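For reference, the structure is listed below as structure tokens.
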Amino acid sequence: MVNPVRNFSGSSNPTGIGLKCKPAAAAGPEGLWPGGSSGIISNGVKLKYILIALILIAIGAGVSLTLFQSEEKRVRKQFHLLSEGVSKEPGENIFTMDQKIKKIGSLFDETCEINIPAHSVSGRLTRDEITGYAARGRLHFAELHLKFYDFNIAFPQEGGASVHLTARLTGKTTTGENVEEAHELDCLLKKIEKRWFFDRIEVVEVLKK
């Protein structure tokens with residue numbers, strides 16, 4: 001009796017069940033399973049976005065610092081202009097006095113709160129009232145100098161600046177009396193159409209000479 005011959009079609013699988021192998025392309029480099037290269041790529045992408053975020057933060061901080069420094073410089077300039085307007089040199093003529101009084105008026109808002117307890121001055125004054133006080137005050141001096149020091153500038157809200165500083169007033173009256181005073185001031189400035197104006201000035205302490 002002849003046994004029938006079974007054709008396995010050259011297969012080495014005696015069970016006849018087909019085995020499926022993972023394609024070589026699906027494996028990681030050098031025979032690693034998936035996750036080797038993709039993990040590296042994923043980490044690289046994350047690092048890229050982190051670096052971009054850090055760069056953007058640095059740029060934003062730099063822009064903010066530049067803007068702050070620019071506005072601080074403009075605020076300081078207003079005090080410098082006020083110093084120039086108040087100061088008086090010996091032999092000042094009428095024309096120079098008029099120009100300085102106009103300069104003082106241009107630095108203030110339409111009304112400004114002025115508090116000087118030592119001179120019993122308190123309340124909101126108009127621009128004309130402020131320039132009137134300044135003009136009459138300067139007439140009593142043959143020489144007068146106003147300087148500002150120790151600036152502490154903050155911007156608590158958009159369009160507003162808070163300034164704490166020291167003001168030193170020196171000079172000589174028309175009667176020959178020397179004057180030397182130092183005051184601590186709290187000031188508020190308001191920004192209107194890209195310009196800063198004084199909105200409040202208060203003498204908080206009279207310092208010793």
Side-chain angles (χ1 to χ4, degrees), residues 60 63-89 92-174 179-207:
V63 171
S64 298
L65 181 60
T66 300
L67 292 175
F68 175 83
Q69 291 174 337
S70 177
E71 292 300 335
E72 183 179 288
K73 185 177 180 180
R74 291 189 177 99
V75 169
R76 283 175 177 266
K77 183 179 179 180
Q78 298 306 92
F79 285 91
H80 177 69
L81 293 174
L82 181 59
S83 173
E84 288 183 341
V86 171
S87 297
K88 181 180 181 180
E89 298 296 336
E92 180 182 87
N93 58 46
I94 297 297
F95 174 77
T96 301
M97 182 189 74
D98 183 63
Q99 292 299 110
K100 288 193 172 185
I101 295 301
K102 288 180 179 178
K103 178 183 290 186
I104 292 173
S106 70
L107 302 174
F108 288 82
D109 197 5
E110 293 183 2
T111 63
C112 178
E113 184 177 348
I114 307 290
N115 293 313
I116 310 175
H119 295 278
S120 301
V121 177
S122 179
R124 291 200 74 86
L125 305 179
T126 65
R127 187 178 293 153
D128 289 340
E129 288 174 325
I130 292 169
T131 55
Y133 276 117
R136 289 191 294 272
R138 293 175 84 259
L139 288 176
H140 295 285
F141 290 88
E143 183 179 355
L144 186 63
H145 299 284
L146 176 64
K147 299 293 182 182
F148 295 105
Y149 305 92
D150 304 327
F151 284 84
N152 187 352
I153 302 174
F155 298 92
Q157 59 186 20
E158 186 176 354
S162 172
V163 185
H164 183 88
L165 73 163
T166 300
R168 184 172 294 278
L169 193 67
T170 59
K172 182 178 290 188
T173 67
T174 54
V179 174
E180 185 175 351
E181 298 179 359
H183 306 270
E184 281 192 17
L185 306 181
D186 273 337
C187 303
L188 293 177
L189 288 85
K190 181 191 299 183
K191 189 177 183 181
I192 303 174
E193 296 181 356
K194 298 182 179 181
R195 286 192 60 196
W196 288 98
F197 296 90
F198 289 100
D199 187 58
R200 182 172 179 266
I201 297 178
E202 180 178 6
V203 177
V204 295
E205 186 178 358
V206 179
L207 304 175

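A quick note: this is a predicted structure, and the numbers were derived from the prediction, not measured. All residue numbers in this chain count up from 1 along the given sequence.
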Task: Contacts of type side-chain contact (heavy atoms from CB on, under 4.5 Å), residue Leu169, not counting sequence neighbours - done: Leu144, Leu146, Glu181
Contacts under 3.5 angstrom, residues 147-160 side chains, donor-acceptor by atom type, not counting sequence neighbours:
none

Task: More than 12 heavy atoms from other groups under 6.0 Å of CD on Glu110 - done: no
Open item on the list: Quick check for you: to the nearest 0.5 Å, what is the distance between Gln78 atom CD and Leu107 atom CG?
Closed with: 5.5 Å
TODO: For side-chain contact (heavy atoms from CB on, under 4.5 Å), just list the numbers for Val203 and Leu185, CA-CA rounded to whole Å, side-chain angles, deciding distance to a tenth of an Å, and then say yes or no.
DONE: CA-CA 5 Å; Val203 177; Leu185 306 181; 3.5 Å; yes
Task: Side chain proximity check, Arg168 to Glu180, heavy atoms < 4.5 angstrom - done: yes
Open item on the list: Working to the nearest 0.5 angstrom, can you tell me the gap between Thr111 OG1 and Asp109 CG?
Closed with: 5.5 Å
Open item on the list: Just verifying a value: how many Å separate His145 NE2 and Lys88 NZ, rounded to the nearest 0.5 Å?
Closed with: 11.5 Å
Open item on the list: Taking the basic N atoms (NZ, or NE/NH1/NH2) and the acidic carboxylate oxygens, is any pair closer than 4.0 Å for Asp199 and Arg124?
Closed with: yes
Task: Residue pairs fulfilling side-chain hydrogen bond (donor to acceptor under 3.5 Å, both in side chains) with at least one residue in residues 130-139, sequence neighbours excluded - done: Glu92-Arg138
TODO: Kindly check if the number of other-residue, nucleotide or ligand heavy atoms within 6.0 Å of CG (Leu139) is above 12?
DONE: yes
Open item on the list: So, using salt bridge (Lys or Arg N to Asp or Glu O under 4.0 Å) as the criterion, who are the partners of Arg76 when residues are at least two apart?
Closed with: Glu72
Open item on the list: Looking at every non-hydrogen atom in both residues, tell me the closest pair between Val163 and Leu189 and how far apart they are.
Closed with: CG2-CD1, 3.9 Å
- [ ] Check the surroundings of atom NE2 in His164: do more than 12 heavy atoms from other residues, nucleotides or ligands lie under 6.0 Å from it?
- [x] yes
- [ ] Provide the closest heavy-atom pair for Asn115 versus Gly123 in the form atom of the first, atom of the second, distance.
- [x] OD1-N, 3.7 Å
Task: Donor-acceptor contact below 3.5 Å, side chain Lys103 vs main chain Glu84 - done: no
Task: Separation between OG of Ser106 and CD1 of Ile101, rounded to the nearest 0.5 Å - done: 11.0 Å
- [ ] Just jot down the salt bridge (Lys or Arg N to Asp or Glu O under 4.0 Å) partners of Glu202, sequence neighbours excluded, or say none.
- [x] Arg200
Task: salt bridge (Lys or Arg N to Asp or Glu O under 4.0 Å) against Lys191, all qualifying residues, sequence neighbours excluded - done: Glu71
Open item on the list: Students often mix this up, so state it plainly: with edges at 30° and 60°, are the rings of Phe108 and Phe198 parallel, tilted or perpendicular?
Closed with: tilted
TODO: Measure the CD1-CD1 distance between Ile114 and Ile201 for me, rounded to the nearest 0.5 Å.
DONE: 4.5 Å
TODO: Look up atom CD in Glu113 and atom CG in Leu188, then write down how far apart they are to the nearest 0.5 Å.
DONE: 8.5 Å
